[in-house]
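Some notes on the structure that comes next.
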Amino acid sequence: MSDNQKDDKGKGKTGVLTKTRPKTKKPSMYKVLMLNDDYTPMDFVVHALLTFFQKTEDEAVQIMLNVHQTGVGICGVYSFEVAETKVMQVIDHARRNDHPLQCTLEKE
């Protein structure tokens, strides 16, 4: 192949090189829910909300009353990993203190 043939290959062709960025998707968020039972003391629920969810005393009491009156209360909304960790912490803490308190997560 001659040098002329090499040069003619790309002649007349222009293009723009674009770099495509993958779209970053906002991570799904999860509600941490505390469920009512007839055995866990109200003060223990408040303590768990203060300890694991950094709620103020007033916020913790309000959430605890919501759990007591409606059967469920929202402790907070977090990324999956954080929500899962908080659920496990609450359940573990409740079991170590002989309480059947249940905590779960739900996609927002």
Side-chain angles (χ1 to χ4, degrees):
M1 188 186 281
S2 72
D3 284 340
N4 288 345
Q5 286 176 321
K6 284 182 188 173
D7 290 342
D8 288 344
K9 266 190 169 178
K11 276 193 177 177
K13 294 182 181 179
T14 59
V16 177
L17 181 62
T18 58
K19 187 175 182 180
T20 57
R21 273 194 212 160
K23 284 195 174 189
T24 53
K25 192 173 123 184
K26 190 175 177 188
S28 297
M29 299 300 281
Y30 292 80
K31 293 184 279 192
V32 176
L33 306 172
M34 201 170 276
L35 308 176
N36 189 43
D37 65 69
D38 294 331
Y39 304 101
T40 304
M42 291 179 180
D43 62 334
F44 184 83
V45 173
V46 170
H47 168 74
L49 289 162
L50 293 169
T51 303
F52 300 108
F53 299 95
Q54 290 71 49
K55 299 297 182 188
T56 66
E57 186 82 27
D58 288 342
E59 289 172 325
V61 168
Q62 192 58 50
I63 294 168
M64 176 275 297
L65 288 173
N66 201 43
V67 170
H68 180 68
Q69 293 165 354
T70 68
V72 65
I74 299 172
C75 304
V77 180
Y78 309 93
S79 66
F80 179 78
E81 291 79 11
V82 173
E84 185 179 47
T85 298
K86 289 186 179 294
V87 166
M88 289 189 298
Q89 288 173 326
V90 169
I91 292 173
D92 183 54
H93 182 63
R95 297 304 167 272
R96 281 187 275 121
N97 287 276
D98 298 321
H99 297 302
L101 181 64
Q102 284 296 308
C103 197
T104 187
L105 56 88
E106 176 182 286
K107 194 170 188 176
E108 191 171 52

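The first residue in the sequence is number 1, and the count goes up from there.
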Output side-chain donor-acceptor pairs under 3.5 Å for residues 63-84, partner residues at least two apart or in another chain, one line each.
unit_1, atom_1, unit_2, atom_2, d
Thr70, OG1, Asn66, O, 2.6
Thr70, OG1, Val72, O, 2.9

For residues 29-37, which side-chain donor-acceptor pairs fall under 3.5 Å, sequence neighbours excluded?
unit_1, atom_1, unit_2, atom_2, d
Lys31, NZ, Glu106, OE2, 3.2
Asp37, OD1, Tyr39, N, 2.7
Asp37, OD1, Thr40, N, 2.6
Asp37, OD1, Thr40, OG1, 3.1
Asp37, OD2, Thr40, OG1, 2.8

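- Note that CG of Asn97 and CZ of Phe44 are 4.5 Å apart. Values are rounded to the nearest 0.5 Å.
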Using residues 86-93 as the side-chain source, report each donor-acceptor pair under 3.5 Å to any protein atom, sequence neighbours left out, with the distance given to one decimal.
unit_1, atom_1, unit_2, atom_2, d
Lys86, NZ, Phe52, O, 2.6
Asp92, OD2, Arg96, NE, 3.0
Asp92, OD2, Arg96, NH2, 3.0
His93, NE2, His47, NE2, 3.4

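- Considering all non-hydrogen atoms of both residues, Lys55 and Ala60 come closest at CB-N, 4.0 Å.
- Two residues are said to be in side-chain contact when any heavy atoms from C-beta on lie closer than 4.5 Å; Met42 and Val61 fail this criterion.
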